[in-house]
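So the structure is just underneath, and the comments pick up after that.
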Amino acid sequence: MSVQAQAKLRPLDELDIGAIVKIDERITGIYKPEIWEQRVAYYLRRDPESSQVAEMDGHVVGFMLGDVRGGEFGIEETSGWIERFGIDPDYRGRDLGRQLYGAMLKTFRARGVSAVRTLVDESDAGVAGFLGALGFKPSPLRALVMPLAEPRESR
Amino acid sequence: MRVDNTTLDKRYHDAVEHWRRHWMPDYDSLLENWDKYFPKDDEFCLCAKMELGTSDTVSIGEHTGEKKRLTPSELTEEEARHLLAIIRAQASTEFGSIQQHAGTLARAQDDEDRYWVLRVMAEELRHGYQMFHLLLSQDWSKASGGMKGEDMVEEVLSMGTGSHVLDAFNLDYDSFLDNICFAALIDRVGKYQLTMQKVCAYKPMADSMPPMLREEAFHLAAGVIPLRRWAKRAAQGDPFVSMQAIQKSFNKWFPRALEMFGDERGGDTNVKFGFKDMKNREAQDLYVEEVRRMVRDINLRFLRARFPERSIDAVEGILDRVERDGGRIDGVGPEDLLRLPDPRFFRRKGEPAWTMIGTEGETFTDADTYLRYLATQLADGYMASRDMKLYGDGLRKVASGEWSAQDATRRMPKLRRVGGTCPCSRSVRWVVDEPAAPSRPA
């Protein structure tokens, strides 16, 4: 059951890295500070207002990262992209994901964005279900991948 | 969010470019490597960016509810003079920081760190350019005592490290550590000032703030992220960086950062005129708490690297205990971690100016004992600087009663360029400003 709890929402800043690393570690079990330092630097230098964090009890307990861009994959229209998000497991079920999305949507709209896009791993039912509940629908644009074998060592 | 980009008249644009060639010799390299270090980002634009669609109504002070002012002539003479001083100081800081960064930029151990700082420098150049746009796009002669916009621009471009408006911009960097700590501590004050000025009753100033703030977000990251990485390296025993060296740089910049807010007891005029939405002490207190968060964040990065097998909760517990009890826990003590200096430490302006307070709040009564103590808290290169010599001379006079604290603050010499404003002219001398004569008979 989802219980609405009002979080303090604000744009991401550089002091949120530690909290994001912690939330990610609690979700995945892997400590990856270097990755998050790079990602946060990326969003802060490109679009510091779009990405959002949620605070409760004086701590960052959720984050949603993304930016506004266009001209990729043949999509010329400027779109809002949601790329990473996470909610501290202790704070799930409080509608924080929806609140974070709402805050991002507000900044996207202020910038004239007409569509929000994301990619989802279909095998991750939780994330796919969350995005579906927000109103995301399958796009004709499909994600494709071709794994490359390691090059053989030449003799 | 819509932004209008404008450029200065060619002769002013060229003057900024000329200045840039002197102080940013790596600028071309930044542009050439932009896509490597900042893929997908918009190209750098040396232009003034004005946010469109902002509020037309004054939201604070004695003009609340009135229409924002669009020209200096709509301000009272006192308001215009006050705002002009803010714009001039802001412009000075932007160009000043570039000069400081330039001195040690090439000493960065890591190319990414260097290019991040280079981008910061380029964006500070744009911020200075933005302030020039404010100075040049309107007639400020009533507020400037007849000084023309072009003269004000020339004055700012002629400033060097030692002659800028604010003390934080008159200190040379001792190493690349200072580039990073400056971004983390001094740029953070910049963020506060820009945020406070978003409400400014002078609309062109308010409209200048949002684009500058967006860029400032990365400047803070360009300080904090390398600090996090260095904390990790220090924890792993890397001999090229230590928490003690970072601490000494913090001790150098934190007091100057606090002074950038202005005297703790002031700031009422800014609020009254509707130029800022916080008084000095209120903003400074928020800043101190934010720096405290930063210090904790960096310390946690250090401890996770020191104890890689332990959970974040365990490491947070260690930090809490060390902070609370001050003892050593599993071989880690307070001296191994970063500490926020007491806000009264090593101050020369504001409420605690020229008092002798240690980083932990301890008090000293003898000037030479305090100076010897400072030698243990600051980097050797900084202790050997002219700034410290002048500070020491002033402190001894205050301690002996020869000078009041106000005298000492006023009499700190400044470096002035003479014989031309082009940076090619290296003719400079230290001068002490005489107290200004009152503008009107008493």
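In what follows, chains carry the letters A, B, and so on, assigned in the order in which the sequence lines appear, proteins first and then strands, with residues in each chain numbered from 1.
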Q. Under 3.5 Å, side chain of N33(B) to main-chain N/O of S29(B), donor-acceptor pair present?
A. yes

Q | Interchain contact, P39(B) with chain A, by part (heavy-atom threshold 4.5 Å) | A | both

Q: Against chain B, work out which of R45(A), E14(A), E49(A) has the most heavy-atom pairs shorter than 4.5 Å and name it.
A: R45(A)

**Q.** With M209(B), the side-chain contact (heavy atoms from CB on, under 4.5 Å) member among K198(B), E51(B), E216(B)
**A.** K198(B)

Q: Name the orientation class of the two ring planes belonging to W253(B) and F182(B) (parallel below 30°, tilted from 30 to 60°, perpendicular beyond 60°).
A: perpendicular

Q. Chain B heavy atoms under 4.5 Å from Y42(A): which part of the residue, side chain, backbone, both or neither?
A. side chain

Q) Which residue out of D41(B), I225(B), D297(B), I312(B) racks up the most heavy-atom pairs below 4.5 Å with chain A? A) D41(B)

**Q.** Donor-acceptor under 3.5 Å (Y91(A) side chain, V60(A) main chain)
**A.** no

(Q) Taking salt bridge (charged side-chain N to carboxylate O under 4.0 Å, His left out) as the criterion, tell me which of R233(B), R301(B), R304(B) meets it with E34(A). (A) R301(B)

Q) Among M294(B), R293(B), K232(B), R296(B), which residue forms the greatest number of heavy-atom pairs with chain A at distances under 4.5 Å? A) R293(B)

**Q.** Contacting region of E290(B) [heavy-atom separation from chain A under 4.5 Å]
**A.** both

